[in-house]
Amino acid sequence: MISKTDHNDAIEAPSVKAKSKAQFQQPQLLSKANSQLSFHESMILGPDFFQVDALVLAPRLLGKFLRRDEVVLQITEVEAYRPNDTACHGRFGITARTAPVFGPGGHAYVYLCYGLHTMLNVVADKEGVGAAVLIRSCAPIRGLETIQQRRGQNTEKPVLLTGPGKVGQALGISTEWSNHPLFTPGGLEILDGPEPEKILIGPRVGIEYASPEHVSALWRFAVAGCPWIRKPSKTLFFREF
DNA sequence: GTACTGATTGGCT
DNA sequence: GCCAATCAGTACC
């Protein structure tokens, strides 16, 4: 089920595919990018979109839009976390913190990392599975002033949301947003967006504690040729779809 | 109850 | 490249 949400721009179903080859702009061309990536024509993605294996959902989330009020971000880098994955928070089983991970796909899972950073995940797969996709990086599309205020940046600097902590900060979310549905209008939403032309894959970041096969698993996905990706990009390489 | 750690970031050398 | 910040969650006694 897909529903239209944008109250101001109630246009007919957009030709999302037609825009799918839209180029991702350099930071200094942000204003131009805004006019080209017409997120406002996009529709909210329904629960079915999310209720697939995290490895399937992760690359599909690239290019999609995250919206909270006036702030709109475009997803450029993600990581998949799966059941029986020694790097997944679900490995602890259902706890107060991880309960949303085991809920039905399409909800947010937000947790605090290092006591300071709020990390946004999109819960994947069916209820009870325990899978999620971490949103690692985003391109800012709308609400630059709000983002800069939240990040304490001056307006001269480009807004680079190249890391999960920065994404959470730009959206202004806290752990209270954990378990929030992403497929209902209002609050935090995920909207359809253009598919990236090429995708990079590589190993996930910061999970050295996991078992070797999970440390080396290529479950990190990023939009190729896009500046909003956490470095080092050496660990990422092309994957043709 | 206490101890340890982390899906990070930004500043300093 | 190195390291401190900062605290909820988990493990263990």
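Letters A, B, ... mirror the listed sequences (proteins, then strands); counts begin at 1.
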The side-chain hydrogen bond (donor to acceptor under 3.5 Å, both in side chains) partners of A/Ser216 (sequence neighbours excluded) come to none
Does the A/Thr175 side chain pair with the main chain of A/Val110, one donor and one acceptor, at a distance under 3.5 Å?
no
Can a salt bridge be assigned to the pair A/Glu70 and A/Arg142 using a cut-off of 4.0 Å between side-chain N and carboxylate O?
no
Using a 4.5 Å side-chain heavy-atom cut-off and chaining through intermediate ILVMFWY residues, the residues clustered with A/Val205 come out as none
Could you walk me through whether A/Asp85 and A/Arg91 pass the salt bridge (Lys or Arg N to Asp or Glu O under 4.0 Å) check?
CA-CA 7 Å; A/Asp85 174 1; A/Arg91 71 188 184 277; over 6 Å; no
Does the side chain of A/Thr95 pick up a donor-acceptor pair with the side chain of A/Thr98 at under 3.5 Å?
yes
Treat each ILVMFWY residue as a node, draw an edge where side-chain heavy atoms are under 4.5 Å apart, and state whether A/Ile135 and A/Val52 are in one component.
yes
Given Watson-Crick or G-U pairs with both distances under 3.5 Å, what dot-bracket string fits DNA chain C, with | for other-strand pairs and [ ] for crossing?
|||||.||||||.
CA sep, side-chain torsions, deciding dist, call: A/Gln169, A/Arg150, side chain to side chain donor-acceptor pair (under 3.5 Å)
CA-CA 6 Å; A/Gln169 199 176 21; A/Arg150 287 173 176 161; over 6 Å; no
Using residues 159-167 of chain A as the side-chain source, report each donor-acceptor pair under 3.5 Å to any protein atom, sequence neighbours left out, with the distance given to one decimal.
from: A/Thr162; atom 1: OG1; to: A/Lys166; atom 2: NZ; distance (Å): 3.3

State which residues pass side-chain hydrogen bond (donor to acceptor under 3.5 Å, both in side chains) with A/Asn179; sequence neighbours excluded, sorted by chain then number.
none
A/Glu189 bridged to A/Arg67 by N-O distance under 4.0 Å
yes
Using a heavy-atom cut-off of under 4.0 Å over every strand shown, decide if A/Arg91 touches base, sugar-phosphate, or nothing.
nothing
Positions of residues 79-87 of chain A (non-hydrogen atom under 4.0 Å from DNA chain B), listed by number
A/Tyr81, A/Ala87
Which Ile, Leu, Val, Met, Phe, Trp or Tyr residues join A/Phe102 in one cluster when any pair of side-chain heavy atoms under 4.5 Å counts as a link?
A/Tyr81, A/Ile94, A/Val101, A/Tyr109, A/Tyr111, A/Met119, A/Val123, A/Leu134, A/Ile207, A/Tyr209
Nucleotide by nucleotide, nucleotides 5-11 of chain C touches protein heavy atoms under 4.0 Å in the pattern (B base, S sugar-phosphate only, - none) BBBSSSS
Within residues 161-181 of chain A, find the residues that approach DNA chain C with a heavy atom at under 4.0 Å, and present them sorted by residue number.
none
Give the residues of residues 203-210 of chain A touching DNA chain B, defined as any heavy atom closer than 4.0 Å, sorted by residue number.
A/Val205, A/Gly206, A/Ile207, A/Tyr209
For a 4.5 angstrom cut-off between non-hydrogen side-chain atoms, does A/Ile199 reach A/Leu62?
yes
Option from A/Leu171, A/Val72, A/Leu73 for which side-chain contact (heavy atoms from CB on, under 4.5 Å) with A/Ile147 holds:
A/Leu73
From A/His107 atom NE2 to A/Leu182 atom CG, the distance as rounded to the nearest 0.5 Å
8.0 Å
What residues, two or more places apart in sequence or in another chain, satisfy salt bridge (charged side-chain N to carboxylate O under 4.0 Å, His left out) together with A/Asp53?
A/Arg82
Taking A/Gln74 for the side chain and A/Pro140 for the main chain, is one N or O donor matched with an acceptor at less than 3.5 Å?
no
Could you give the start and end, 5' to 3', of the contact zone on DNA chain B for chain A, using atoms under 4.0 Å from its heavy atoms?
B/dG6 to B/dG10
